[in-house]
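Numbered from 1 within each chain, the chains take letters A, B, ... in sequence-line order.
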There are 2 protein chains.
Amino acid sequence: MDAYDSDERTSGAATTPGRRSRRTAADLDETAESGGDLDLSGLTGVVGYRLRRAQLAVFEDFNRRFQRFDLKPAQYSALLVIGDNPGRKQSEIAAALGIQRPNFVAMLDELERRGLAERTRSTTDRRSHAVVLTEHGRRLLAEARAEQAQQETDLGDLLGPGGRDALVSLLHRLTQAE
Amino acid sequence: MDAYDSDERTSGAATTPGRRSRRTAADLDETAESGGDLDLSGLTGVVGYRLRRAQLAVFEDFNRRFQRFDLKPAQYSALLVIGDNPGRKQSEIAAALGIQRPNFVAMLDELERRGLAERTRSTTDRRSHAVVLTEHGRRLLAEARAEQAQQETDLGDLLGPGGRDALVSLLHRLTQAE
DNA sequence: CGTTATTTGATATACGCCATAACAATTATC
DNA sequence: GATAATTGTTATGGCGTATATCAAATAACG
């Protein structure tokens, strides 16, 4: 699923005890192995590994919460950006979401099929499609926003006071540089 | 790509100014839109969105660094876990990595084809395959560990003192509960 | 002991996400 | 006015992941 390894020099506090590949004589019985748990110390303190696992967990939670809306993360983010930027070009919405234009076509098709969004031909540039939400789309988005806010609140409870904000800030820094 | 929305009640510090869906009269010119940047305030402070973006960024960096090894994150993590748990069953390795057993078959095939890992039939249970690294695999893993440690160090520099450890700790909490 | 259930590795398959190439219509450039 | 660039679209392939199914081997249990 993912990867990475940690190193004692780079991991200070948040890492688990850990053990290295070179075993001592006292560990030889474990090298033979029987039924115990695996040694995952090489992965536990690694940013990339933790990021992947956390993202999967949060998305899983998202999907549970949004089952009643029949909205996947990508669909919700699309509704959100369209709702906050009505009348923008289809390609602009896609770019903002980090979705390739070709892949956004089918996605918008689906939103349109469900009566949540609309393509309207621009009068000034007949190439582009100005995308807007329907009334139905706006209503659904309002409910979805509330559910999303609840998830954010629950994550705040889980991460402690200031923990959620600290996390968002740290994550933001990772996308700024690279 | 992903989704989520933030809410002023749940986001304290780390969020951007933002703007809500209901516009004021002063914002009407932006509702018509022309060429400016999009309003992404609904996404910037959201844990799920930030997680996804950060994970993609860190993985991209990983892939750049590991090009010379021809190792993808999943392959590196497999080598790592096998190296730290030699002789374990194929299914145990897969489970530890969060990979479905069927999907791990082709992956191990590839590692075996490249002479990095080996399947050896267990003498006690002729169903299972005890998986180990070859000498070549151990040598490659040693180099890969060093490169990975360097990435971790660089991430530490980027996130400030204690920032990396704090991030790992916060991410860990997200996977503990859910 | 022998029948049944479970485990293990493997194959086939399908779905979703993502990327690129190519195209027609339209607009911009010069 | 010829050429280039943009926009939406289609087609297509790769990659990761999930499920159903299977044969071989072992475990469970009457």
Side-chain angles (χ1 to χ4, degrees), chain A residues 1-3 33-35 48-49 52-53 55-57 59-60 62-63 66 70-78 82 87-113 117-131, chain B residues 1-3 33-35 48-49 52-53 55-57 59-60 62-63 70-78 82 87-113 117-132:
Chain A
M1 179 164 287
D2 27 31
E33 305 297 354
S34 40
Y49 178 77
R52 178 97 178 106
R53 297 310 260 236
Q55 188 250 313
L56 287 174
F59 268 47
E60 215 172 290
F62 179 97
N63 286 326
F66 279 71
D70 191 21
L71 284 179
K72 287 177 293 184
Q75 292 175 312
Y76 171 67
S77 67
I82 297 172
R88 285 291 195 151
K89 287 191 292 186
Q90 185 172 326
S91 57
E92 289 179 312
I93 304 291
L97 293 169
I99 301 177
Q100 304 290 328
R101 274 81 75 202
N103 297 328
F104 190 57
V105 173
M107 188 172 170
L108 232 191
D109 285 348
E110 174 66 10
L111 294 180
E112 212 166 10
R113 189 194 64 77
E118 277 181 336
R119 290 182 242 229
T120 65
R121 298 216 83 92
S122 167
T123 55
T124 63
D125 187 339
R126 291 187 327 204
R127 289 172 299 185
S128 64
H129 290 171
V131 184
Chain B
M1 180 164 291
D2 26 33
E33 305 297 355
S34 41
Y49 178 77
R52 178 97 177 107
R53 296 310 259 236
Q55 188 250 313
L56 287 175
F59 268 47
E60 214 172 292
F62 178 97
N63 286 325
D70 192 19
L71 284 180
K72 286 178 292 184
Q75 292 176 315
Y76 172 67
S77 68
I82 297 172
R88 285 291 194 149
K89 287 190 293 187
Q90 186 172 323
S91 58
E92 289 179 312
I93 303 291
L97 294 169
I99 301 178
Q100 304 291 327
R101 274 79 75 200
N103 297 328
F104 190 58
V105 174
M107 190 171 167
L108 232 192
D109 285 347
E110 173 67 10
L111 294 180
E112 213 166 11
R113 191 194 62 77
E118 276 181 335
R119 288 182 244 230
T120 65
R121 297 217 83 93
S122 167
T123 55
T124 64
D125 187 340
R126 291 188 325 205
R127 291 171 298 185
S128 62
H129 291 171
V131 184
V132 296

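Across the interface with DNA chain C, nearest-nucleotide mapping of T123(A) and L108(B) shows L108(B) to be the residue nearer the 5′ end. Residues T124(B) and S128(A) each lie close to DNA chain D; by heavy-atom proximity, the contact nearer the 5' end of the strand is made by S128(A). Checking A130(B) against R126(A), the closest nucleotide of DNA chain C that is more toward the 5' end is the one next to A130(B).
Side chains of N103(A) and Q100(A) form a contact here, defined as non-hydrogen atoms less than 4.5 Å apart. Using a 4.5 Å cut-off on side-chain heavy atoms (C-beta onward), Q75(B) and E110(B) make contact.
Of the listed nucleotides (dT9(D), dT11(C), dT8(C)), dT9(D) has the atom at the smallest distance from the side chain of V105(A). Closest to the side chain of H129(B), from the set dT20(C), dT10(D), dG9(C), is dG9(C). Residue D125(A) has its side chain nearest to dT26(C) when only dT10(D), dT26(C), dT8(C) are considered. Comparing dT20(C), dT17(D), dT7(C) by their nearest atom to the side chain of R127(B) picks out dT7(C). Picking from dC18(C), dT9(D), dT26(C) the nucleotide with the shortest atom distance to the side chain of Q90(A) gives dT9(D). Of the candidate nucleotides dC17(C), dT20(C), dG9(C), dT20(C) has the atom lying nearest to any side-chain atom of Q100(A). Side chain of N103(A), nearest nucleotide from dA19(C), dA10(C), dC17(C): dA19(C).
R101(B) comes within 4.0 angstrom of nothing in the nucleic acid, heavy atoms only.
Whole-Å rounding puts the F104(A) CZ to dT20(C) P distance at 19 Å. Protein atom CD of E110(A) is 17 Å distant from nucleotide atom C1' of dT9(D), rounded to whole Å. The nearest whole Å value for the distance from the CE atom in M107(B) to the P atom in dA18(D) is 14 Å. One interatomic measurement links the two molecules: CG of L71(A) to P of dG16(C), which rounds to 15 Å at whole-angstrom precision. N63(B) places its CG atom 13 Å from the C1' atom of dG16(D), with the value rounded to the nearest Å. For Q55(B) and dC17(C), the CD to P distance is 15 Å, given to the nearest whole Å. Going from atom CG of L97(B) over to atom P of dA18(D) covers 13 Å, rounded to whole Å. Between the CD atom of E92(B) and the P atom of dG9(C) there is a distance of 8 Å, given to the nearest Å.
The aromatic rings of F66(A) and F62(A) lie parallel to each other, their planes meeting at an angle below 30°, with 60° marking the opposite boundary.
Note on K72(B): a side-chain N or O is less than 4.0 Å away from OP1 or OP2 of dG16(D).
Between the side chain of S122(A) and the main chain of S128(A), no donor-acceptor pair closer than 3.5 Å is present.
Screening R121(A), E118(A), R88(A) for a side chain to side chain donor-acceptor pair (under 3.5 Å) with H129(A), the sole residue that qualifies is R121(A).
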